[in-house]
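Inspection log for the structure reproduced underneath, given as structure tokens.
In what follows, every chain begins at residue 1, and chains take the letters A, B, ... in the order their sequences are listed.
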There are 2 protein chains.
Amino acid sequence: MLQHHCKDCQIKSAAASNLNKEEFEILETNSAQVAFKKGETIFKEGALSLNVAYLRSGIVKVHMHGPTREKILRIVKAPSYLGIPITFGDKINQYSATAIEDTSVCFIDSNYFRNFIYSNGKFAYEIIVELCKNELKDYQKYTSQSQKQIPGLVAETLLCISETIYNNPRFNFPLTRNEFGDMVGTSRESVSRALSEFSSEKIIEINGKEITILKKDILEKISKNG
Amino acid sequence: MLQHHCKDCQIKSAAASNLNKEEFEILETNSAQVAFKKGETIFKEGALSLNVAYLRSGIVKVHMHGPTREKILRIVKAPSYLGIPITFGDKINQYSATAIEDTSVCFIDSNYFRNFIYSNGKFAYEIIVELCKNELKDYQKYTSQSQKQIPGLVAETLLCISETIYNNPRFNFPLTRNEFGDMVGTSRESVSRALSEFSSEKIIEINGKEITILKKDILEKISKNG
DNA sequence: CAACTCATGTGATTAATATCACATAATTAG
DNA sequence: CTAATTATGTGATATTAATCACATGAGTTG
């Protein structure tokens with residue numbers, strides 16, 4: 001457990017901003033900050049869920065076993081809670097989280113986290129807001145994925161990664177082609193072909209892992225039309 | 001607004017069970033019970049979300065516009081909250097709810113609902129648990145839908161409707177074939193073909209809207225293997 | 001740095017599903 | 001009760017994407 005001072009943490013969650021001095025002391029003595037290297041597992045499907053994980057820095061993939069392959073549910077960028085649902089929705093983790101860049105995670109004993117919900121209404125409210133926003137985002141993605149064809153899904157994913165994770169039209173795509181496939185529910189070959197197509201049409205530029213979005217408007221159109 | 005007494009309501013939510021006498025009085029004066037006939041819209045995508053909807057009785061489909069067609073996100077059976085996320089995740093409804101059987105819904109002014117979260121930790125906690133459980137269920141379904149093929153999806157849906165909605169191997173399927181397609185992300189023809197196939201193999205029996213699951217074990221195998 | 005292993009791109013083939021077309025059944029409206 | 005509308009089933013065809021096969025490339029490890 002690294003020494004840390006939650007009260008002075010510069011990257012508190014919206015919920016934690018509502019904690020008072022005493023609650024911060026409780027948080028501090030019942031949480032642990034852990035560093036993960038790229039590729040390391042933060043928590044694993046099937047294990048007991050005893051902690052709430054708060055992602056302080058880095059990027060993480062949230063994923064679960066599917067009927068035929070792994071499914072990447074979302075890419076999470078710090079700062080954000082990582083799976084409150086696995087803590088309060090079930091006793092056993094229903095999904096895993098793996099660092100796709102070096103990350104720092106605070107694990108909070110879920111009993112104390114629960115007590116904050118009981119005793120601090122503003123804290124609870126912010127947690128609810130975060131859960132609600134996630135659900136809405138998930139439903140959007142869910143709907144897209146069941147209706148769009150592969151070029152649309154690949155375009156959507158590129159835009160999403162560019163805009164919500166890197167805020168930059170040029171970025172290092174953090175997943176392998178195989179994982180990209182796991183994310184949109186298709187094979188690595190199909191992803192590869194869609195990317196090649198976009199590249200040959202000068203909509204994007206590919207340099208290994210580095211992708212540059214050249215024509216955002218066209219990519220948006222492809223994403224929208226499926 | 002129908003006259004009603006929330007305190008004595010026999011079908012309170014887990015969250016509402018934690019409200020005290022005063023809170024029930026507030027709830028009573030700031031909520032309205034409304035009856036909906038089959039097919040009527042309970043709330044609509046795009047409208048302002050000013051109320052939390054609590055489904056007291058009946059069955060509802062929750063759905064949203066997708067890129068190419070409507071998407072049915074879930075079938076909800078009473079008693080259950082209907083879309084807390086639309087109230088606290090955004091100011092505008094991101095999805096609609098439509099009665100697929102006659103229903104009774106309590107609309108609760110979201111400002112008062114929010115106050116309960118602020119002031120009653122156990123209420124807030126139960127809301128969080130419900131949101132978390134929904135997220136886990138959604139992720140499971142989400143993963144299935146992006147990996148299984150149509151027979152697997154149709155089998156999964158039949159089992160789900162049979163077990164979680166009707167608790168009976170024989171039931172009146174509450175959706176048209178088209179809506180069934182909207183639910184699993186496929187065309188009505190493909191759903192129809194899968195059902196015919198199951199029927200000719202004596203796995204199910206179809207009598208118009210009435211479906212009987214004859215061989216649950218085989219249906220489960222089809223569902224599991226995709 | 002050489003030998004592996006893993007990741008990627010791409011052509012050929014196969015399989016799954018969408019779409020179209022149409023007949024028929026069920027439901028709704030007048 | 002009849003006409004109109006909507007829902008359903010099913011064959012034929014077209015489209016899409018999966019799978020297989022293989023070459024190349026990049027990164028890793030001894």
### Message
Using OP1 and OP2 only, check whether a side-chain N or O of Lys209(B) sits under 4.0 Å from dT27(C).
### Response
no

### Message
I'd like to know whether NZ of Lys133(A) has more than 12 heavy-atom contacts from other residues, nucleotides or ligands below 6.0 angstrom.
### Response
no

#### Entry: From dA18(D), dT17(C), dA18(C), nucleotide with atom closest to Thr186(B) side chain
dA18(C)

## Note on the structure
In whole angstroms, the gap separating P of dA21(D) from CD of Glu189(A) amounts to 12 Å

#### Entry: Lys224(B), NZ atom: more than 12 neighbouring heavy atoms under 6.0 Å
no

### Query
So do Ile222(A) and Ile203(A) actually touch side chain to side chain, heavy atoms under 4.5 Å?
yes

### Message
Quiz question: going by heavy-atom distance under 3.5 Å, is there a donor-acceptor pair between the base of dT19(C) and the side chain of Arg193(B)?
### Response
yes

### Query
With a cut-off of 6.0 Å (strictly less than), are more than 12 heavy atoms of other residues, nucleotides or ligands near NZ of Lys216(B)?
no

### Query
What is the distance, rounded to the nearest whole Å, between atom CZ of Phe173(B) and atom P of dA7(D)?
14 Å

### Query
Between Asn178(B) (CG) and dA26(C) (P), how many Å, whole number?
18 Å

### Task
Measure from the ring center of Phe113(A) to the ring center of Tyr81(A) and say whether it is less than 6.0 Å.
yes

### Nearest non-hydrogen partners of His65(A) and Glu45(A), listed with the distance
N-OE1, 2.9 Å

### Task
Please report, rounded to the nearest Å, how far the C1' atom of dG27(D) is from the NZ atom of Lys38(A).
11 Å

### Side-chain donor-acceptor pair present, Lys71(B), Ser144(A), cut-off under 3.5 Å
no

### Query
Rounded to the Å, how far apart are Ile150(B) CD1 and dT16(D) C1'?
12 Å

### Gap between atoms CD1 and P, on Ile206(B) and dA7(D) respectively (whole Å)
18 Å

### Message
When you measure only distances, ignoring hydrogens and angles, does the side chain of Arg188(B) come within 3.5 Å of the base of dG9(D) through a donor and an acceptor?
### Response
yes

### Query
Roughly how many Å is it from CG in Asp182(B) to P in dT8(D), rounded to a whole number?
12 Å

### Touch class at under 4.0 angstrom, heavy-atom based, for Thr176(A) against every strand present
sugar-phosphate

### Message
Within the 4.0 Å heavy-atom criterion, would you say Leu195(B) contacts the bases, only the backbone, or no part of the nucleic acid?
### Response
nothing

### Task
For the helix from dC1(C)-dG30(D) to dG30(C)-dC1(D), measure the angle between the helix axis at one end and the axis at the other, each built from five pairs, rounding to 10°.
50°

## Note on the structure
To the nearest angstrom, the CG-C1' distance between Asn172(A) and dG27(D) comes to 15 Å

### Query
If you look at every strand shown and take non-hydrogen atoms under 4.0 Å, does Ser196(A) touch a base, only sugar-phosphate, or nothing?
sugar-phosphate

